[in-house]
Amino acid sequence: MASHAHKALILFNKHEPTQASLPNLDSLLAKGSAGSIYLETDTGCDDILQLFGLHDAPCATDAAHGRYGHVRFGLLTADAQLVDLARGYGLTFVSLLTDDVALDDMPLDAMDALITEGLAAVDILFVDLTCSSWTRIDHLFQSRLADPDLLNCVITSAAVHSRPTQPYQPRQSFQMKLGRPVVVDQHRCYVYGCFHPTTTRRDTVTEFDTQTMQDRGAHAGILAYHFMSEICHRLGLLPKYGA
């Protein structure tokens, strides 16, 4: 039986790629699988908090502990307010940035070393590289795609091109939360690609292209609220999420 990943690295950029050549990201998608992440409307919170499922819930701190238990999260971002908000939910967060560190000015080798340091301290490392170039992000995956202990994941935004339909995708995955339907944004979403050398199933996506990832991704669609629980499940840290 194939061994699951023990850590996850998630590199995030809100802006769609414009570079024509991103060989490591193309490899990640060709070897792994893709899907769409749907956002709830009118939450009034940052998209990253939606991806962590940390928004508009009563007793959010207790809810976060109930969902994630002792999962260790690391958050690398230039947004100090976002770090403060995430900590306020009481999750086990390991902050890796100081006030005098600018992610976008950091040399690539220093950024690579910081990610390695972060992965040693946490289970899931989420790196917000919204202000970075996609060439830089592509480089950061170069030495990590063959790591048998690491689930590599990339997330970016996309205009909604297609939505999963029954029976291809159960409604509870992308339209239900806590047993109730939610209103999903009809105009924008995120797309993601994941790869782990021995456990990721392949789909027919062969390159880092947001439209193709929506149309042909094996994971179809998932609500942002469920996304981090799914990553925890793939690491063997949590049971399969439920809507």
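What you see is a predicted model, and the numbers here were worked out from it, not measured in a lab. Only heavy atoms go into these numbers, but all of them, side chains included; no hydrogens, no water, no symmetry mates.
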> So Glu207 and Leu29, side-chain contact (heavy atoms from CB on, under 4.5 Å) or not? Walk me through it.
CA-CA 6 Å; Glu207 60 183 344; Leu29 269 300; 5.9 Å; no
> Which atom pair, heavy atoms only, marks the closest approach of Pro197 to Leu145?
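Minimum heavy-atom contact is CG-O, 3.6 Å.
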> What I'd like to find out is whether the side chain of Glu40 reaches to under 4.5 Å of the side chain of Gln50, using heavy atoms alone.
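Result yes, sub-4.5 Å side-chain heavy-atom pair found.
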> Please find the pair of heavy atoms, one from Gly53 and one from Tyr68, that lie closest to each other, and give the distance.
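For Gly53 versus Tyr68, the nearest heavy atoms are N-OH, 4.3 Å.
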> Once rounded to the nearest 0.5 Å, what's the spacing between atom CH2 of Trp134 and atom NE2 of His15?
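Rounded to the nearest 0.5 Å, the CH2-NE2 separation comes out at 10.0 Å.
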> Could you pull out the closest heavy-atom pair between Tyr38 and Cys189, with the gap in Å?
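Minimum heavy-atom contact is CD2-CB, 3.7 Å.
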> Considering only heavy atoms from C-beta outward, does the side chain of Met228 approach that of Val71 to under 4.5 Å?
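Contact flag for Met228/Val71 side chains = no.
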> Distance check, rounded to the nearest 0.5 Å: Ile137 atom CD1 versus Leu22 atom CG?
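If we round to the nearest 0.5 Å, Ile137:CD1 and Leu22:CG are 9.0 Å apart.
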> In plain terms, say whether Asp185 and Arg188 are close enough for a salt bridge, that is, a side-chain N and a carboxylate O under 4.0 Å apart.
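Judged by the 4.0 Å cut-off on N to carboxylate O distance, Asp185 and Arg188 do form a salt bridge.
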> Could I get the full list of salt bridge (charged side-chain N to carboxylate O under 4.0 Å, His left out) partners for Lys14, not counting sequence neighbours?
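Checked Lys14 against salt bridge (charged side-chain N to carboxylate O under 4.0 Å, His left out); matches are Asp46.
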> Any side-chain heavy-atom pair from Met213 and Phe208 closer than 4.5 angstrom?
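They are in side-chain contact.
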> Considering non-hydrogen atoms only, spot the tightest contact between Leu235 and His6 and give its length.
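Shortest heavy-atom contact: CD2-C, 4.1 Å.
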> Taking atom SG of Cys153 and atom CZ of Arg234, what is their separation to the nearest 0.5 Å?
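The distance works out to 7.5 Å.
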> Within this structure, what is the CG-OG1 distance for the pair Leu140 and Thr116, rounded to the nearest 0.5 Å?
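Answer rounded to 0.5 Å: 9.5 Å.
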> In sequence, state the C-alpha distance, the side-chain angles, and the governing distance for Lys31 and Thr200, and then conclude on side-chain contact (heavy atoms from CB on, under 4.5 Å).
CA-CA 8 Å; Lys31 295 176 180 178; Thr200 305; over 6 Å; no
> Evaluate the side-chain hydrogen bond (donor to acceptor under 3.5 Å, both in side chains) criterion for residues His219 and Ser33: first the C-alpha distance (whole Å), next the side-chain angles of each, then the deciding distance (0.1 Å), finally the verdict.
CA-CA 7 Å; His219 300 294; Ser33 51; 2.7 Å; yes
> Looking only at atom types and distance, does a side-chain atom of Asp128 sit under 3.5 Å from a main-chain N or O of Thr77, one as donor and one as acceptor?
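No, because the side chain of Asp128 does not come within donor-acceptor range (under 3.5 Å) of the backbone of Thr77.
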> Before you tell me yes or no, could you show the steps for Leu129 and Met111 under side-chain contact (heavy atoms from CB on, under 4.5 Å), namely the whole-Å CA-CA distance, both residues' side-chain angles and the distance that decides it to 0.1 Å?
CA-CA 11 Å; Leu129 293 170; Met111 171 61 78; 4.1 Å; yes
> I'd like to know whether Arg216 forms a side-chain hydrogen bond (donor to acceptor under 3.5 Å, both in side chains) with Thr204, so could you lay out the CA-CA distance, the side-chain angles of the two residues, the decisive distance to 0.1 Å, and finally the verdict.
CA-CA 6 Å; Arg216 292 159 46 189; Thr204 59; 3.2 Å; yes
> Could you check if a side-chain atom of Lys7 sits within less than 4.5 angstrom of a side-chain atom of Asp147, using non-hydrogen atoms only?
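No, their side chains stay 4.5 Å or more apart.
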> If we only count heavy atoms from C-beta on, is the Cys194 to Leu151 side-chain gap below 4.5 Å?
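Of all side-chain heavy-atom pairs linking Leu151 with Cys194, at least one is under 4.5 Å.
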> Would you call the rings of Phe12 and Phe126 parallel, tilted or perpendicular if under 30° counts as parallel and over 60° as perpendicular?
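The arrangement is tilted - the two ring planes meet at 30° to 60°.
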> Which residue is it: Leu39, Thr210, Thr156? I am looking for the one with a side-chain contact (heavy atoms from CB on, under 4.5 Å) to Tyr190.
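The side-chain contact (heavy atoms from CB on, under 4.5 Å) with Tyr190 is passed solely by Leu39 among Leu39, Thr210, Thr156.
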> Report the relative orientation of the aromatic rings in Phe52 and Phe73; use parallel for angles under 30°, tilted for 30 to 60°, perpendicular for over 60°.
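The arrangement is perpendicular - the two ring planes meet at more than 60°.
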> Applying side-chain contact (heavy atoms from CB on, under 4.5 Å), run through Ile10 and Phe227 and close with a yes or a no.
CA-CA 12 Å; Ile10 303 172; Phe227 177 75; 4.2 Å; yes
> Is Met106 close to Arg136 at the side-chain level, that is, under 4.5 Å between some pair of heavy atoms?
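Of all side-chain heavy-atom pairs linking Met106 with Arg136, at least one is under 4.5 Å.
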> Would you call Asn152 and Val154 a side-chain contact if the rule is heavy atoms closer than 4.5 Å?
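Heavy-atom side-chain distance check fails, nothing below 4.5 Å.
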> Can you tell me how far apart CG (Asp123) and CZ (Arg72) are? Round to the nearest 0.5 Å.
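Asp123 CG to Arg72 CZ: 4.0 Å, rounded to 0.5 Å.
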> Of the non-hydrogen atoms in Gln214 and Ser36, which two are nearest, and what is the gap between them?
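Gln214 and Ser36 have their closest heavy atoms at CG-OG, 3.4 Å.
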> For the residue pair Ala34 and Val205, what are the closest heavy atoms and their distance?
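Nearest heavy atoms, Ala34 then Val205: CB-CG2, 4.3 Å.
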> Can you tell me how far NE2 of His139 sits from OG of Ser132, rounded to the nearest 0.5 angstrom?
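Reported to 0.5 Å precision, the distance equals 12.5 Å.
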